[in-house]
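In what follows, a structure is listed as structure tokens, so that the remarks can point back to it.
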Amino acid sequence: MDAVRTRREFLLGRVAASHPVAVVLEGCLERRGIVCQACRDACGEGAVRIAPVAVGVCLPVIDALRCTGCGECLAVCPASALVIEPHP
């Protein structure tokens, strides 16, 4: 049975709210070894950091707790490698 969530359940903390966050896609330039970091520079919340994944390869990592889903990172990405998705 698909449970219907009520406003009361939400307000009492029985239902976790989802919020939009940025997600990095496969087309990211950093994954290809091209230094970019435009998404990190555009994020006013400091939700994007660039983390080394392998030798010579870095990847933007999104902090879901800091990300507001504003889309500023999407606007500056030259590879269109970011999307906004709901995050529980």
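These numbers were taken from a predicted model, which means no experiment stands behind them. Hydrogens, waters and symmetry mates are skipped; everything else that's a heavy atom, side chains included, is used.
Scanning both residues, Arg31 and Val57, for their nearest heavy atoms gives O-CG1, 3.7 Å. Scanning both residues, Val76 and Ala42, for their nearest heavy atoms gives CG2-CB, 3.6 Å. Residues Leu82 and Cys39 approach most closely at CD1-CB, 3.8 Å, considering heavy atoms. Across all non-hydrogen atoms, the minimal contact from Leu25 to Ser80 is CD1-O, 4.3 Å. Of all heavy-atom pairs between Ile50 and Arg40, the closest is CG1-CD, 4.1 Å. When every heavy atom of Pro20 is checked against every heavy atom of Ile84, the shortest pair comes out as CB-CG2, 3.5 Å.
Taken together through direct or relayed side-chain contacts under 4.5 Å among Ile, Leu, Val, Met, Phe, Trp and Tyr, Ile62 and Leu74 form part of one hydrophobic cluster.
With hydrogens and angles ignored, the 3.5 Å screen pairs a side-chain donor or acceptor of Arg66 with a backbone N or O of Gly46. Judged by distance alone, the side chain of His19 and the main-chain N or O of Ala64 form a donor-acceptor pair under 3.5 Å. In this structure a side-chain-to-backbone donor-acceptor pair under 3.5 Å is present from Arg32 to Gly27. Not one N or O on the side chain of Glu85 forms a donor-acceptor pair closer than 3.5 Å with the backbone of Val23.
The structure places CZ of Arg49 at 10.5 Å from SG of Cys58, a figure rounded to the nearest 0.5 Å.
For the side-chain contact (heavy atoms from CB on, under 4.5 Å) with Val24, the lone residue among Val83, Val61, Leu59 that qualifies is Leu59.
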